Amino acid sequence: MSLDRRAFLKSSACVSGGLIIALHLPGCSKPGRTSGEPKTVAANAWLRIGTDNTITFLCDRSEMGQGVYTALPTLIAEELGVDLGRIRIDFAPAGDAYKNDLLGTQITGGSTSVRDAWLKLRRAGAQARTMLISAAAREWGIRAAVCRVENGFVVSPTGKRASFGACAEAAARLPVPNDVKLTDPGNFRLIGTSVRRLDTPLKVDGSARYGIDVRLPEMLYAALAQPPALGGKAASFDDSKARALPGVKAVVQTSSGIAVVATSWWQALKARDVLAIKWDDGANGALNDGVILRGLERATGTAQSARRDGDADAVIKSAARVVKAEYQLPLLAHATLEPQNCTADVRAEGCDIYVPTQIQQVAQQAAASAAGLKPEQVRVHTTFLGGGFGRRLDVDFVPAAVEASKAVGKPVKLLWTREDDTTHDVYRPPAFDTAIGAFDKSGKLIAWKLRLVGPSVTARLFPAVVAKSIDPFAIEAAANYPYDVPNVSVEYLRHEIGINVGYMRSVSHALNCFVAESFMDELAASARRDPLEFRRALLSKQPRYLKALELAAQEARYGAAPKGRFHGLAVMSGYDTYMAQVAEISLENGKVRVHRIVCAVDCGQVVNRDIVVAQVESGIIFGLSSTLWGEINIQRGRVQQTNFDTYRVLRINEIPRIDVLLLDNRAPPGGIGEPSTALVAPAVCNAIHAASGRRLRSLPLARHKLA
Amino acid sequence: MIKLNVNGKDTEVDVDSDTPLLWVLRDTLGLTGTKYGCGAALCGACTVHLDGQAVRSCRTPVSAAAAGKITTIEGLSSDRSHPVQKAWIELDVPQCGYCQSGQIMSAAALLAHTPQPSDADIDAAMSGNICRCGTYQRIRAAIHRAAQLKSGG
Ligand code: FES
Ligand code: FES
């Protein structure tokens with residue numbers, strides 16, 4: 001059961017870009033191998049072909065439920081002409097070869113994995129196919145153009161067959177062709193179908209290895225005492241009681257708190273809880289919800305313009321009718337079911353980290369500085385992730401593990417408790433936004449303005465990006481306002497709140513879609529128009545939005561809700577995907593009950609239908625948890641929620657029926673892991689308005705009594 | 001030394017008697033299929049069977065499990081052939097998968113006692129198992145499917 005460290009090391013030592021024959025790298029041979037045993041040929045950064053006909057895909061994106069472990073090798077398998085079942089998957093190490101071209105570093109986020117890989121991995125597969133064919137054709141003395149691949153073989157017109165494994169070594173010596181022909185979409189065998197997930201078998205018998213499951217020889221376990229006030233630090237501590245407990249090996253002051261290292265995690269945790277620590281609360285000792293909200297409300301300074309069509313300000317001043325509303329959104333926690341953890345093995349010459357991360361190179365950098373090593377001395381071993389949702393784009397849990405391992409000279413697995421995880425998240429930013437719409441005398445919407453105020457995640461994680469421009473991850477689902485209005489203005493005022501905020505599923509879409517789509521309903525009400533009809537009229541030049549909207553409305557029987565039930569809708573584009581949702585709700589005893597959500601999805605070319613549907617369902621449930629209950633409260637700099645009793649998420653008895661409808665087309669793939677989260681809140685709140693006439697401009701709904 | 005019977009095998013562990021069964025399974029015995037999610041009997045990720053009943057191992061002291069037969073996800077079947085596992089595979093239920101050992105153990109215990117569960121039975125038996133990825137629609141469908149498989153369908 002235990003994770004074989006040497007196997008891990010070997011697989012990463014074998015990895016490099018370009019065309020190499022991995023066999024010749026030292027340490028790559030399997031233990032006890034004899035000369036007749038299979039060799040492995042690296043066709044490119046992602047693909048290994050064994051002389052024993054194994055095909056291995058190095059998955060350079062983190063599998064956190066969204067399906068890259070299946071969808072990415074599907075792109076390769078399609079071009080190689082093999083079934084997906086033929087491909088074995090390993091996780092790739094950290095490396096420039098695995099950079100996400102859409103985001104600039106090796107990163108699994110922003111619903112980019114398939115979008116980034118769409119041409120890149122198909123090209124990689126096609127190159128390998130071309131080289132394998134060329135190698136076989138040369139051997140046979142015929143033209144490559146007349147050969148083809150079939151099921152892991154190169155086949156000649158006369159029916160000669162050579163397995164990929166037999167061609168691999170010769171193929172690796174050929175130049176990498178630049179011009180390769182990708183499979184015509186009309187001939188896709190796998191793309192666009194519902195190929196079974198490759199990780200499912202591992203996830204029904206407990207064998208999938210997450211970060212928390214890493215086991216190394218001589219490994220110790222660590223629990224971490226972190227400052228109760230966010231941004232605080234330990235002023236002094238007395239560890240005599242803790243050290244006296246059984247199993248305790250060391251108490252280490254790390255950069256993020258006091259770590260107790262013991263022979264089991266339970267012992268480490270028990271000892272952590274008897275540490276006597278004097279905390280210095282730091283700058284946040286007096287921070288609470290009221291302070292944060294007032295700060296956002298009163299924030300001044302020059303807002304940055306995200307979009308400007310015409311002159312919305314001037315038009316609003318002189319318009320016949322103006323509608324204005326303020327919206328407010330709370331901090332949220334990610335609550336991945338696997339708490340944050342990292343296993344580090346620091347030695348003099350290098351360091352290995354085994355970590356569920358969405359951002360390998362940044363984790364590598366963080367481990368390097370914590371260990372006092374160069375980044376290239378740190379090997380990153382990505383495990384399965386027990387949920388990501390953007391939480392693991394931060395690496396705040398990495399340094400303490402490295403520091404503890406360095407201090408004790410052994411591998412250390414550092415694991416946060418659920419309470420640690422809830423109280424030391426990097427929280428979804430709160431927001432205080434103002435929306436203004438203006439109509440002319442004839443009742444036509446002539447101006448629309450949105451002023452967004454909130455802290456910036458990007459400023460902290462990627463400061464170089466905001467140094468040059470507005471934070472692109474603060475203005476989503478706002479700057480691309482789709483409605484046909486002549487004067488549009490979107491402004492963003494960055495206002496920091498003293499605590500770290502992080503990217504969370506759907507990122508600013510989830511903030512801005514709530515405001516923009518709730519306010520669209522407010523404008524419809526002001527114009528005395530039906531929300532669907534009002535939107536439809538303004539979307540005539542936006543066929544993809546309009547199609548999604550029409551389909552969702554039709555499937556939900558919008559306008560014909562069953563007795564006592566009410567519909568609300570929302571439409572959005574994000575991550576190159578177009579989406580519309582209709583929520584069907586009723587109000588019972590002052591509470592909203594969501595019965596059904598219909599979601600129409602145009603994400604362009606679908607790679608795996610079943611995974612797309614699953615992701616849309618998943619995103620909706622995630623969004624509904626936030627809508628109903630999601631809220632992180634701060635008192636004296638301390639997060640008040642601790643576990644799933646106080647930070648509530650949906651359970652099986654609380655979910656609505658969800659219907660997902662795919663609008664297929666051949667547009668390049670859009671992202672699918674995130675967008676559906678963002679539409680839930682506005683759709684539900686618009687339905688509440690339809691039911692009660694009440695407009696809710698803040699979340700979660702648990703805050704509001706709906707008499 | 002505390003004697004345990006895990007997945008049909010007798011074993012002895014040298015831990016404090018108040019250590020939660022979860023950590024004995026995971027850290028002492030290396031059975032990492034059983035997960036930690038909350039440590040407070042709130043999420044169900046740590047669900048195992050104790051004498052056929054689904055229990056939260058994070059809140060079960062190892063001493064309380066000493067008298068019984070413990071089954072973990074690793075012992076549910078040796079080849080993913082339990083009807084619940086089969087149904088889970090057929091419907092591709094897992095996403096991140098982290099909750100799924102617990103979901104499967106809860107579902108298997110439910111079916112052992114209630115071979116043809118209604119939706120209300122499923123709600124009652126499964127509401128202690130959180131899936132942050134929101135795979136609930138499929139979990140429900142897969143439990144119905146497992147019931148069919150079990151009865152020979
Ligand atoms: S870990 Fe036991 S119920 Fe959550
Ligand atoms: S599959 Fe991720 S928590 Fe359930």
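Just so you know, these numbers use all the heavy atoms, side chains as well, and skip hydrogens, waters and symmetry mates. Note that the structure is a prediction, hence the values are computed from the model and not measured. To find a chain, count down the sequence lines: A is the first, B the second, and so on, and within it residues start at 1.
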Handout entry: A/Lys249, NZ: over 12 other non-hydrogen atoms inside 6.0 angstrom
Key = no
Problem - Under 3.5 Å side-chain donor-acceptor pair for A/Asn643 and A/Thr422 - result: no
Practice task
For each of A/Phe644, A/Trp266, A/Phe389, tally heavy-atom pairs with chain B at distances under 4.5 Å, and name the one with the top tally.
Solution key: A/Trp266
Handout entry: Greatest number of heavy atom pairs closer than 4.5 Å to chain A - which of B/Gln137, B/Gln85, B/Arg140
Key = B/Gln137
Practice task
Below 4.5 Å from any heavy atom of chain B, which atoms of A/Ala208 appear? Answer side chain, backbone, both or neither.
Solution key: backbone
Exercise for the section: Check whether any side-chain heavy atom of A/Thr200 lies under 4.5 Å from a side-chain heavy atom of A/Tyr69, and answer yes or no. Expected result: no
Exercise for the section: Answer with side chain, backbone, both or neither: which region of A/Asp199 has an atom nearer than 4.5 Å to a non-hydrogen atom of chain B? Expected result: side chain
Problem - Distance flag, aromatic centroids of B/Tyr36 and B/Trp23, threshold under 6.0 Å - result: yes
Practice task
Check the side chains of A/Ser264 and B/Asp27 for a donor-acceptor pair under 3.5 angstrom, ignoring hydrogens and angles.
Solution key: no
Practice task
Return yes if a side-chain donor-acceptor contact under 3.5 Å exists between A/Thr193 and A/Arg609, otherwise no.
Solution key: no
Handout entry: Charged tip of A/Arg209 within 45° of A/Phe384 ring normal and under 6.0 Å
Key = no
Problem - Region of B/Arg80 in contact with chain A, defined by heavy-atom distances below 4.5 Å - result: side chain
Handout entry: Heavy-atom contact with chain B under 4.5 Å, split by part of A/Ile658
Key = both
Handout entry: Selection from A/Glu338, A/Met64, A/Arg657 maximising heavy-atom pairs under 4.5 Å formed with chain B
Key = A/Glu338
Practice task
Go through the atoms of A/Ser625 and report whether side chain, backbone, both or neither lie under 4.5 Å from a heavy atom of chain B.
Solution key: side chain
Fill in the blank from the handout: Of the listed A/Asp610, A/Leu650, A/Ile611, A/Thr642, the one with the largest count of heavy-atom pairs under 4.5 Å with chain B is A/Asp610
Handout entry: Contact leader toward chain A among B/Ala45, B/Ala120, B/Gly97, B/Gly134, where contacts are heavy-atom pairs under 4.5 Å
Key = B/Gly97
Exercise for the section: With a 4.5 Å cut-off on heavy-atom pairs, point out which of B/Thr135, B/Ile130, B/Ile104, B/Ile89 contacts chain A the most. Expected result: B/Ile130
Practice task
Examine whether an atom of A/Pro356 lies under 4.5 Å from a heavy atom of chain B, and if so say whether it belongs to the side chain, the backbone or both; otherwise answer neither.
Solution key: neither
Exercise for the section: Please look at B/Glu90 and chain A and tell me whether the side chain, the backbone, both or neither of the residue comes under 4.5 angstrom of a heavy atom of that chain. Expected result: backbone
Problem - Sub-4.5 Å side-chain heavy-atom contact between A/Pro246 and A/Gln267 - result: yes
Handout entry: B/Asp16, part contacting chain A, at a heavy-atom distance under 4.5 Å
Key = side chain
Problem - Pairs of heavy atoms under 4.5 Å with chain B: top-ranked of A/Glu617, A/Arg196, A/Glu63 - result: A/Arg196
Exercise for the section: Sort out for me which of A/Thr417, A/Leu202, A/Leu337, A/Asn653 touches chain B most, counting heavy-atom pairs under 4.5 Å. Expected result: A/Leu337
Problem - Flag for A/Thr677-A/Glu674: side-chain donor and acceptor within less than 3.5 Å - result: no
Handout entry: Sub-4.5 Å side-chain heavy-atom contact between A/Ser626 and A/Arg505
Key = no
Problem - Pairwise side-chain contact, A/Ile620 with A/Cys599, heavy-atom cut-off 4.5 Å (strictly under) - result: yes
Problem - A/Ile655 portion near chain B, given a 4.5 angstrom heavy-atom threshold - result: side chain
